[in-house]
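See below for the structure under consideration.
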There are 2 protein chains.
Amino acid sequence: MNATERIKAFRSYLGSQGLKLTTQRDAIAKVLFTSEGEHLSLPELLERAQKIRSGIGYATVYRTMRLLVDGGFASEHQFGDGQTRYEPADDTKHHDHLICVRCGKVVEFEDPVIEARQDAIAAQNGFEVVAHRLEIYVRCLQGCEDKDNPA
Amino acid sequence: MNATERIKAFRSYLGSQGLKLTTQRDAIAKVLFTSEGEHLSLPELLERAQKIRSGIGYATVYRTMRLLVDGGFASEHQFGDGQTRYEPADDTKHHDHLICVRCGKVVEFEDPVIEARQDAIAAQNGFEVVAHRLEIYVRCLQGCEDKDNPA
DNA sequence: TTACTTGCAAATACTTTGCACGTGC
DNA sequence: GCACGTGCAAAGTATTTGCAAGTAA
């Protein structure tokens, strides 16, 4: 599903839930759905949304993101910088993240071997998997710039 | 390494760093090292430490835990309840967590297959692994009580 | 009209820090 | 004695909420 289709789906979802489609919600959804791979924080989402529709408040972004997460349109991540970050949810396949501890670069990946292993481990312990979160903290092999101590 | 050995190691570490061994630090370390598998939060650590040595303040627990984490004696986790949780660090092998989304139960596991896969994936993307965090959110198969809505 | 939304500001919830007083070494 | 440590209270951060005014349907 591309960004346009996702926005349409979100609009339908709002209607189906008796919620209203406002210019604020539309702008925020647009920002989210066109941020593939970026993992934006609330302040970042706010800044971009205000370019589309000025005057949007922080609380509206916060509440709209919760709406998007609850509706399955977005997923939240905590990468350890103390901020919650968001990305468009992928309804078909799940992916995980490689995060460089030096430069902060984030690369997404998916691996069926790990997914399968998780199901097996959960089953062995008397559980069924609902979701998972895997973050691999790494260092770039070809060198990268320290985000906290720029050269 | 058992709890007693870990406490000794921590005491030596303090000396080697020119830091002082106080009754507060000792009590907090004792609480941590005897909490295997519990993943205590700061308030919980504080409560238990105060039973050993009354009068300990929150800030002291906070600063001592940072000391323990920095020294490699403890590791931090964020399980999504908005609190940082701590457990004694295992110097030999890493383990991950299965977390029941309904009752909050946490089970630890380790899996060499997943560990090996992570190294391979990182290498394929031009990284070397520094650390990782894997949380599998599950549901108990034999039923459990909802922590937010007790029966 | 009417229920849902918004933006502001205030309230939370945790975490982190400044500082005067204590205390290991 | 002196440098490090402690406890309190206050300051940060990021998140969440109350409410009067605004708006989609």
Side-chain angles (χ1 to χ4, degrees), chain A residues 7 10-31 39-71 74-86 148, chain B residues 7 10-31 39-47 49-71 73-86 148:
Chain A
I7 291 174
F10 177 56
R11 289 177 182 158
S12 306
Y13 171 76
L14 288 177
S16 75
Q17 298 292 115
L19 301 172
K20 289 169 185 168
L21 171 60
T22 63
T23 53
Q24 290 93 328
R25 286 177 177 169
D26 217 46
I28 296 163
K30 219 166 269 175
V31 169
H39 313 95
L40 303 177
S41 64
L42 282 179
E44 289 163 351
L45 288 160
L46 174 63
E47 191 189 332
R48 293 197 192 180
Q50 286 179 330
K51 287 181 187 164
I52 299 177
R53 196 284 192 192
S54 60
I56 295 182
Y58 186 93
T60 300
V61 178
Y62 166 75
R63 286 184 278 227
T64 301
M65 289 316 297
R66 197 162 57 184
L67 211 56
L68 285 159
V69 170
D70 291 347
S75 61
E76 296 179 326
H77 293 279
Q78 306 274 348
F79 290 141
D81 64 347
Q83 291 204 296
T84 301
R85 294 180 169 280
Y86 300 85
D148 297 319
Chain B
I7 291 173
F10 179 55
R11 287 177 184 157
S12 308
Y13 172 76
L14 288 178
S16 75
Q17 299 293 116
L19 302 173
K20 291 168 184 169
L21 171 59
T22 62
T23 52
Q24 291 93 329
R25 286 178 178 170
D26 217 47
I28 295 164
K30 219 166 271 177
V31 168
H39 312 94
L40 302 177
S41 63
L42 282 180
E44 288 163 353
L45 288 160
L46 175 63
E47 191 189 333
Q50 286 179 330
K51 288 183 186 164
I52 299 177
R53 197 283 193 191
S54 60
I56 296 182
Y58 186 93
T60 299
V61 178
Y62 166 75
R63 284 184 279 227
T64 300
M65 290 315 298
R66 196 163 56 185
L67 211 56
L68 286 159
V69 170
D70 291 347
F73 295 94
S75 61
E76 296 179 326
H77 293 279
Q78 306 273 350
F79 290 141
D81 63 348
Q83 290 204 297
T84 301
R85 295 181 167 278
Y86 301 85
D148 297 319

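Numbered from 1 within each chain, the chains take letters A, B, ... in sequence-line order.
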Options C/dC14, C/dT6, D/dT6, nucleotide nearest the side-chain atoms of B/T60
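Nucleotide nearest to B/T60's side chain: D/dT6.
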
Length of the line joining [X]:[atom1] and [N]:[atom2], which is rounded to integer Å:
X	N	atom1	atom2	answer
A/Q24	D/dA21	CD	P	18 Å
A/L67	D/dT16	CG	P	14 Å
A/Q83	C/dC14	CD	P	18 Å
B/R11	C/dG24	CZ	C1'	14 Å
A/L14	D/dT23	CG	P	18 Å
A/D26	C/dT5	CG	P	14 Å
A/I56	C/dC8	CD1	C1'	15 Å
B/R25	D/dT6	CZ	C1'	9 Å

Criterion side chain to side chain donor-acceptor pair (under 3.5 Å) against A/R53, the qualifying member of A/T60, A/T22, A/T23
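Of A/T60, A/T22, A/T23, side chain to side chain donor-acceptor pair (under 3.5 Å) with A/R53 is met by A/T23 alone.
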
More 5' along DNA chain C: B/T22 or B/R85, using each one's nearest nucleotide?
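The residue whose closest nucleotide sits nearer the 5' end is B/R85.
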
Which comes earlier along DNA chain C counting from the 5' end, the contact point of B/T23 or that of B/Q78, where each point is its nearest nucleotide?
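Closest to the 5' end, via its nearest nucleotide, is B/Q78.
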
Between A/R11 and A/L21, is there a donor-acceptor pair closer than 3.5 Å when you use the side chain of the first and the backbone of the second?
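No; judged by distance alone, with no hydrogens or angles, the pair does not exist.
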
Quick check on side chain to side chain contact (heavy atoms under 4.5 Å, CB included): which of A/L67, A/V61, A/L68 does A/R25 satisfy it with?
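Only one option passes, and that is A/L67.
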
Evaluate the side-chain proximity of [Y] to [X]: yes if any heavy-atom separation is below 4.5 Å, no if none is.
X	Y	result
B/E76	B/M65	no
A/T64	A/Q24	no
A/H77	A/T84	no
A/Q50	A/L46	yes

Reading nucleotides 16-23 of chain C from the 5' end, what letters show protein touch, with B for base, S for backbone sugar-phosphate only, - for no heavy atom under 4.0 Å?
BBB-----

Does B/T84 place a side-chain N or O at less than 4.0 Å from the phosphate oxygens OP1/OP2 of C/dT15?
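It does, given that an N or O in the side chain of B/T84 lies less than 4.0 Å from OP1 or OP2 of C/dT15.
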
